[in-house]
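Hydrogens, waters and symmetry mates play no part in the numbers below; they use all other heavy atoms, side chains included. Residue numbers start at 1 and run along the sequence shown.
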Amino acid sequence: MKPDRRNTGVRVFVMLKTPGSLTKKVKEYPFVLGSEPHSLRDLIAEAVRSCLSAYRARAERGKDPVPLTDEQFDGMREVGKFAFGFHYNEKEPDETEAIRTASEAVEDGLVRVFRGNEELTCFDKELKVNEGDVFTFVRLTMLSGRMW
């Protein structure tokens, strides 16, 4: 029997487009998964759980906002978007529904997942995630138009 490694988290990096960047730069950002995923399906679920946890923490901080520091203000000016910590949505996100939606997006090809330069496509294939791995989630945008 395999030892249960789900009790420990793992720190990976996620490639994200820098918001507001005119040059469309992509940077690595640290991302902590609550437990070590063993398949692409687990990776998606853990990524969603981590994002929901961060969302809930921001919502909790938004109940008692504090004034912006000069550093925060300068950072927001660089991005071109100012946020003051208020959380307007009172509805609690449904974790099960969020995981299902994210999994369907990958299954349908609307989102593609890469580890380094390798695309991950098999949902239940054994996946060994190492500390410091770099993942990229690419959301494909469908363009449509009308020809006159």
Side-chain angles (χ1 to χ4, degrees), residues 1-66 68-69 71-72 74-76 78-144:
M1 186 194 279
K2 283 184 182 179
D4 186 17
R5 297 180 290 176
R6 291 187 181 269
N7 295 331
T8 60
V10 61
R11 184 174 183 242
V12 297
F13 292 91
V14 175
M15 298 294 288
L16 293 174
K17 179 183 136 337
T18 306
S21 172
L22 296 176
T23 58
K24 307 290 187 205
K25 291 182 182 175
V26 177
K27 292 183 177 179
E28 290 181 9
Y29 290 92
F31 193 82
V32 178
L33 301 172
S35 66
E36 185 178 337
H38 300 286
S39 66
L40 176 57
R41 188 177 310 280
D42 290 346
L43 175 67
I44 293 167
E46 283 304 317
V48 168
R49 285 187 192 104
S50 291
C51 289
L52 287 178
S53 175
Y55 173 83
R56 289 180 185 116
R58 283 191 312 272
E60 193 60 37
R61 282 193 309 267
K63 291 178 182 175
D64 189 25
V66 295
L68 295 176
T69 64
E71 183 178 286
Q72 291 170 321
D74 290 341
M76 289 181 198
E78 183 179 312
V79 170
K81 178 181 178 184
F82 290 87
F84 299 100
F86 293 108
H87 186 75
Y88 298 103
N89 188 358
E90 296 294 326
K91 185 178 176 188
E92 180 69 22
D94 181 355
E95 183 176 295
T96 304
E97 181 67 19
I99 292 170
R100 186 185 65 73
T101 300
S103 296
E104 282 180 3
V106 174
E107 285 175 348
D108 293 345
L110 299 174
V111 174
R112 298 177 79 178
V113 182
F114 296 86
R115 177 174 52 188
N117 291 328
E118 170 195 4
E119 184 175 6
L120 304 176
T121 56
C122 299
F123 266 75
D124 296 311
K125 181 180 175 185
E126 182 72 21
L127 176 67
K128 175 68 176 141
V129 175
N130 299 310
E131 190 86 12
D133 277 352
V134 178
F135 290 93
T136 306
F137 294 81
V138 179
R139 183 180 65 191
L140 302 176
T141 303
M142 305 303 171
L143 302 175
S144 64

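- Taken from CG in L43 to CZ in F135, the straight-line distance is 5.0 Å, to the nearest 0.5 Å.
- Between K125 and L127, every side-chain heavy-atom pair lies at or beyond the 4.5 Å cut-off.
- With sequence neighbours excluded, no residue satisfies salt bridge (charged side-chain N to carboxylate O under 4.0 Å, His left out) with R11.
- Side-chain atoms of D124 and R41, non-hydrogen and from C-beta on, do get closer than 4.5 Å to each other.
- A heavy-atom distance below 4.5 Å is not found between the side chains of E36 and E131.
- Nearest heavy-atom pair across F31 and S50 is CZ-CB, 3.8 Å.
- Across S103 and F123, no two heavy atoms sit closer than the pair O-CZ, 3.6 Å.
- Enclosure of atom CD in E71 is not indicated, since only 12 or fewer non-hydrogen atoms of other residues, nucleotides or ligands lie within 6.0 angstrom.
- Remark: I44 CD1 to T101 OG1 distance equals 11.5 Å, nearest 0.5 Å.
- Proximity of R49 to I99: side-chain heavy atoms (C-beta onward) are separated by under 4.5 Å at one or more points.
- Closest approach of F114 to R112, counting heavy atoms only: CE1-CB, 3.9 Å.
- When side chains are defined from C-beta on, V12 counts as touching L33, because their heavy atoms get closer than 4.5 Å.
- Proximity of a side-chain donor or acceptor of D133 to a complementary backbone N or O of V129 within less than 3.5 Å is not detected.
- Residues V48 and C51 fail the side-chain proximity criterion, which asks for heavy atoms closer than 4.5 Å.
- Taking NZ from K128 and CZ from R115, the interatomic distance works out to 10.0 Å, rounded to the nearest 0.5 Å.
- Contact detail for C122 and L40: the closest heavy-atom pair is O-CB, 3.6 Å.
- Taking a 6.0 Å sphere around CG of N117, one finds it holds 12 or fewer heavy atoms contributed by other residues, nucleotides or ligands.
- Between the CG atom in D108 and the CG atom in L140 there is a gap of 11.5 Å [rounded to 0.5 Å].
- When every heavy atom of F137 is checked against every heavy atom of A47, the shortest pair comes out as CZ-CB, 4.5 Å.
- With a 4.5 Å cut-off on side-chain heavy atoms, E46 and V10 do not count as touching.
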